Protein chains: 2
Amino acid sequence: MGSNRKQETSEKLMIAAIDLMSEKGYNGVTTEEIARTAGYSEKTLFRHFQSKQKLLEAAFEKYHYGEEMRNLFHQHLQWDLQEDLLMVCNTYHKIMQQNRKMILIAMKDGEHLPGFREATHKHPEQLKAFLTDYFEKMLQKKKIIKVDPEKMAIAFLYMNYGAALGRIHNDPSFTTVYLEDFIKESVFLFTRGLTP
Amino acid sequence: MGSNRKQETSEKLMIAAIDLMSEKGYNGVTTEEIARTAGYSEKTLFRHFQSKQKLLEAAFEKYHYGEEMRNLFHQHLQWDLQEDLLMVCNTYHKIMQQNRKMILIAMKDGEHLPGFREATHKHPEQLKAFLTDYFEKMLQKKKIIKVDPEKMAIAFLYMNYGAALGRIHNDPSFTTVYLEDFIKESVFLFTRGLTP
DNA sequence: AAAGGGTGTCAGTACTTACTGACTTTTTGG
DNA sequence: CCAAAAAGTCAGTAAGTACTGACACCCTTT
């Protein structure tokens, strides 16, 4: 398999690009530095990807896990507030953790990743719609008190979004408090706040 | 006052630097571009600040509002959960909004702003300690149920942190839902979830 | 009118960096 | 062992960019 080796090189280059760009940003890193980090010469980088921009785009295509967000929607809802919220939390944080370097790049250099700017808006929007719908149905089932479902969805998601970003940025809060404990406590709070 | 004009020029240059760097990052903008945006020649920029780096540092010193976080600690607590949480939210979001461009720069180019990296960890840590302390005292007063005060503080702050970042990034959620409404609803939820 | 502070212009330096071409060397599979 | 594929070397280009120096031009104040 001649193409096996070629692919391996490409992957190493893309991973080096992601690592370095997530730290220093697109403009903060040179093609030379990326290639050396991956263990190759700069020339090889340009032979595989024609430009720095295309390298990033290829890396994004290969190493972003946008689709997995959809899995969440297909998970089985138990219509038990605590259980369902826990499931949403766990799935969400797993995806955020997988994508953390990409998220950093997108925050630093959104302009260079048109696809990502879109994704960072689209996916949370879908998630918000999903949760809003869930709260509405729970309201119909009289399993939660009368609240604005959309605002509750936003509050819940932002809490997890904030926590995920904190973890990505190595917030010292997560050195003493573990994510799982945090999730349990916060879901408990939401459950108690919403249960009739 | 000859120095009045000088100061005015410096301010315009610093503001242009903040505007552009918050969009494109430190390395994404040139000194020429900054000067032109401010309405001056590149030479003037270097006459006022000796280097690009020093320009950013001066801008940071002048236009960051770190001290205001301390005001929060001196505000009068009413020992009424809902009222106090509302006060914390409002103060927090006000500060985050004032600092939004600085926050964007810090996220994109933390390496160029050693002072900010520190601030983005120190201030939230103080805030967390403040809120944890508050919850502990409310617990002693038997005004809230038995929960882990630290985790509650983290949950509350992350919710607001996430919301503040969403607003900074023009999250479409805030085109339909206003911040104030969101704050009210989320504080209501926390209050109901914590009140005995 | 004179002086001085602030700014513009312009040419130029020194350095970096994305990217190329020609050629050689190494690695791999048949 | 041979041929092709992949990687390295090296020299170089073109463009960008932070930053400087010399000089001229306002504008304000006295």
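Both backbone and side-chain heavy atoms feed into the values below; hydrogens, waters and symmetry mates do not. Numbered from 1 within each chain, the chains take letters A, B, ... in sequence-line order. Predicted model only: the values in this text are computed from it and were never measured.
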Original post:
Atom CD of Glu42(A) to atom P of dA11(D): distance rounded to whole Å?
Top reply: 15 Å

**OP:** Measure from the side-chain heavy atoms of Tyr40(B) and tell me the nearest of dC19(C), dT7(C), dA7(D).
**Re:** dT7(C)

Original post:
What nucleotide among dA7(D), dG6(C), dA6(D) has an atom nearest to a side-chain atom of Arg47(A)?
Top reply: dA7(D)

**OP:** Using whole Å, report how far CD of Glu32(B) lies from P of dT20(D).
**Re:** 16 Å

Original post:
If you measure from CG on Leu131(A) to CD on Gln126(A), what distance do you get to the nearest 0.5 Å?
Top reply: 13.0 Å

Original post:
Looking at Thr44(A), does any N or O in its side chain come under 4.0 Å of the phosphate oxygens OP1/OP2 on dA7(D)?
Top reply: no

Original post:
Checking all strands, does Ser41(A) fall into the base, sugar-phosphate, or nothing category for heavy-atom contacts under 4.0 angstrom?
Top reply: base

Original post:
According to the interplanar angle, ranging from 0 to 90°, do the rings of Tyr158(B) and Phe174(A) count as parallel (below 30°), tilted (30 to 60°) or perpendicular (above 60°)?
Top reply: parallel

Original post:
Roughly how many Å is it from NZ in Lys6(B) to P in dG4(C), rounded to a whole number?
Top reply: 16 Å

**OP:** For dA6(D), take OP1 and OP2 only and decide whether either is under 4.0 Å from a side-chain N or O of His48(A).
**Re:** no

**OP:** Could you please spell out the steps behind the salt bridge (charged side-chain N to carboxylate O under 4.0 Å, His left out) verdict for Lys12(A) and Glu8(A)?
**Re:** CA-CA 6 Å; Lys12(A) 281 183 187 168; Glu8(A) 195 185 314; 3.6 Å; yes

Original post:
The side chain of Arg36(B) lies closest to which of these nucleotides: dC19(C), dA18(C), dT9(C)?
Top reply: dT9(C)

**OP:** Ignoring hydrogens and angles, state whether a donor on the side chain of Glu11(B) or Gln7(B) is under 3.5 Å from an acceptor on the partner side chain.
**Re:** yes

Original post:
Are the side chain of Gln53(B) and the backbone N or O of His112(B) linked by a donor-acceptor pair below 3.5 Å?
Top reply: yes

Original post:
Within this structure, what is the NZ-to-P distance between Lys12(B) and dG6(C), rounded to whole angstrom?
Top reply: 15 Å

Original post:
Roughly how many Å is it from CD in Glu33(B) to C1' in dA18(D), rounded to a whole number?
Top reply: 14 Å

**OP:** May I have the distance from Asn4(A) (atom CG) to dA6(D) (atom C1'), rounded to whole angstrom?
**Re:** 13 Å

**OP:** Would you tell me if any nitrogen or oxygen in the side chain of Thr31(A) comes within less than 4.0 Å of OP1 or OP2 on dA18(C)?
**Re:** yes

Original post:
Given atom CG of Leu45(B) and atom C1' of dC19(D), what is their separation to the nearest angstrom?
Top reply: 10 Å

Original post:
Taking CZ from Phe46(A) and P from dA7(D), how many angstroms apart are they, rounded to a whole number?
Top reply: 15 Å

**OP:** Measure from the side chain of Arg5(A), starting at C-beta and using heavy atoms only, and say which of dC19(D), dA18(C), dT28(C) lies closest.
**Re:** dT28(C)

Original post:
Within the structure shown, what part of the strands sits under 4.0 Å from Lys43(A) by heavy-atom distance: base, sugar-phosphate, or nothing?
Top reply: base

